[in-house]
Amino acid sequence: MRSGRPSAPALPDEARAELLDFEVTRELRGLGAARAEPVARHLVAAAIYLDDDPALALAHARAASALASRIAAVREAVGLAAYHAGEFTTALAELRAARRLDGSPRHLAVMADAERGLGRPERALLLARDPAAAELDEASRVELLIVVSGARRDLGEPAAAVLLLQDEAASTRLEPWTPRLWYAYAEALLAAGRPTDAARWFVSVATVDHDEETDAAERALLLGGGEPAGEIEPG
């Protein structure tokens, strides 16, 4: 009898179990080798495809979950892949399940952004007030701040969106999240009716966005951007 469960996608050769993070590998040991090996490979495959083919990444993460649904890292993988695939309801359910299993608040920003994706910015603000947000590392804290600023824009409160980011944006210390932070700040300025300031910040983003994560250069050009906003240290 067929179960109706979608068949697992084929595993690519490059999805090798030994590439999995050591801590996750340790979590899988209780499954036994026969189950741990395919779970590990599906998790690695999910990570491989996450950016370029999130739907396939989600299929691999779900295949891992079908074999090991009680492991936090597996549910986390499903949640993150669902988020990247735009399946925000699934993302929220899976990331909540992962948090129940391991107690970590590290994906509060993703969960809050999923709420925004579902048209519920007020719920994003509630997540930002979670007491466990105080435990976040700096990168996760800034990502949550970016999401909250976006939620304020969603609610028609652009001035509040600007205020949330201006202190962080004023720092000239470059971090991996700096392009996203400055981009969000430029978006908030634009929403607040300050296109000249927004253009200068889009120029600043383009100056440091070496990996071209954003379309800041195009945005700056459309707004007639001039000099970067403030002094920028070399990356």
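- Leu163 and Val147 sit in two unconnected hydrophobic clusters of ILVMFWY residues. Membership requires side-chain heavy atoms under 4.5 Å apart, directly or through other members.
- Counting heavy atoms from C-beta outward, Val205 and Tyr185 have side chains that stay 4.5 Å or more apart.
- Here the side chain of Arg106 pairs no donor or acceptor atom with the backbone of Ser140 at under 3.5 angstrom.
- The shortest distance between side-chain heavy atoms of Trp201 and Glu187 does not fall below 4.5 Å.
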Worksheet entry | Worked check of salt bridge (Lys or Arg N to Asp or Glu O under 4.0 Å) between Arg96 and Glu115 | CA-CA 13 Å; Arg96 285 174 184 142; Glu115 292 287 11; 3.2 Å; yes

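- In this structure, Trp182 is a member of the same hydrophobic cluster as Val142, with clusters built from ILVMFWY side-chain heavy atoms closer than 4.5 Å.
- With Asp215 contributing its side chain and Glu218 its backbone, the two residues share no donor-acceptor pair below 3.5 Å.
- Taking CG from Leu136 and OG from Ser104, the interatomic distance works out to 8.0 Å, rounded to the nearest 0.5 Å.
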Practice prompt. Start with the C-alpha gap between Tyr183 and Arg219, add the side-chain angles, then the distance that decides, and say whether side chain to side chain contact (heavy atoms under 4.5 Å, CB included) holds.
Written response: CA-CA 10 Å; Tyr183 190 94; Arg219 298 290 298 276; 2.8 Å; yes

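- Remark: side-chain polar atoms of Ser65 are not paired, donor with acceptor, to backbone N or O of Ala61 under 3.5 angstrom.
- Ion pairing between Glu23 and Arg29 fails under the 4.0 Å rule for side-chain N and carboxylate O.
- Checked by atom type and distance alone, the side chain of Arg41 pairs as donor or acceptor with a backbone atom of Pro12 at under 3.5 Å.
- Other residues, nucleotides and ligands contribute more than 12 heavy atoms inside 6.0 Å of the CD atom of Glu138.
- Taking the side chain as every heavy atom from C-beta outward, Arg200 and Asp197 approach each other to under 4.5 Å.
- In this structure, Leu58 and Arg62 have side chains that are in contact, with non-hydrogen atoms separated by less than 4.5 Å.
- Residues Pro158 and Arg152 have side chains not in contact (no heavy-atom distance under 4.5 Å, counting atoms from C-beta outward).
- A heavy-atom distance below 4.5 Å is not found between the side chains of Ile71 and Val24.
- Nearest approach of Ala192 to Val162, heavy atoms of both residues: CB-CG2, 4.0 Å.
- Judged by distance alone, with hydrogens and angles left aside, the side-chain atoms of Ser171 form no donor-acceptor pair with the main-chain N or O of Asp167 at under 3.5 Å.
- Under the 4.0 Å criterion applied to side-chain N and carboxylate O atoms, Arg141 and Glu175 are not assigned as salt-bridge partners.
- The structure places CZ of Arg180 at 9.5 Å from CG of Asp209, a figure rounded to the nearest 0.5 Å.
- By the 6.0 Å contact criterion, CG on Asp52 is open, its count of non-hydrogen atoms from other residues, nucleotides or ligands being 12 or less.
- The shortest heavy-atom contact between Ala36 and Leu28 is CB-O, 3.6 Å.
- Across Arg153 and Ala191, no two heavy atoms sit closer than the pair CD-CB, 3.8 Å.
- A salt bridge does not link Arg16 to Glu14: none of the charged side-chain nitrogens sits closer than 4.0 Å to a carboxylate oxygen.
- The two residues Ala128 and Ala133 come nearest to each other via the heavy atoms O-CB, 3.9 Å.
- The distance from atom NE2 of His107 to atom CG of Leu127, rounded to the nearest 0.5 Å, is 13.5 Å.
- Put simply, Leu126 and Leu144 are part of two different groups of oily side chains (I, L, V, M, F, W, Y) that touch within less than 4.5 Å, one to the next.
- His84 NE2 to Leu50 CG: the interatomic distance, rounded to the nearest 0.5 Å, is 4.0 Å.
- Under the 4.5 Å side-chain heavy-atom criterion for grouping Ile, Leu, Val, Met, Phe, Trp and Tyr, Met111 is not connected to Val78 through any hydrophobic cluster.
- The two residues Ala55 and Ala85 have their closest heavy-atom pair at N-CB, 4.4 Å.
- Under a 3.5 Å cut-off, the side chain of Thr25 and the backbone N or O of Asp21 do form a donor-acceptor pair.
- Ala98 approaches Ala72 most closely through the heavy-atom pair CB-O, 3.6 Å.
- In this pair, His60 and His42 present their aromatic rings tilted. The plane angle is within the 30 to 60° band.
- In summary, Arg100 and Glu76 do not engage in a salt bridge, as defined by a charged side-chain N under 4.0 Å from a carboxylate O.
- If you take CG on Asp113 and CG on Leu118, they are separated by 10.0 Å, rounding to the nearest 0.5 Å.
- In this structure, Leu95 CG and Leu108 CG are separated by 10.0 Å, a value rounded to the nearest 0.5 Å.
- Side-chain contact between Leu223 and Leu190 is present, with heavy atoms from C-beta onward closer than 4.5 Å.
- Side-chain heavy atoms closer than 4.5 Å link hydrophobic residues (I, L, V, M, F, W, Y) into clusters, and following such links, possibly through other members, connects Val74 to Ile48.
- Checked for salt-bridge contact, Asp130 and Arg99 meet the test: a charged N lies under 4.0 Å from a carboxylate O.
- Counting only heavy atoms from C-beta outward, the side chains of Glu37 and Leu31 never approach each other to under 4.5 Å.
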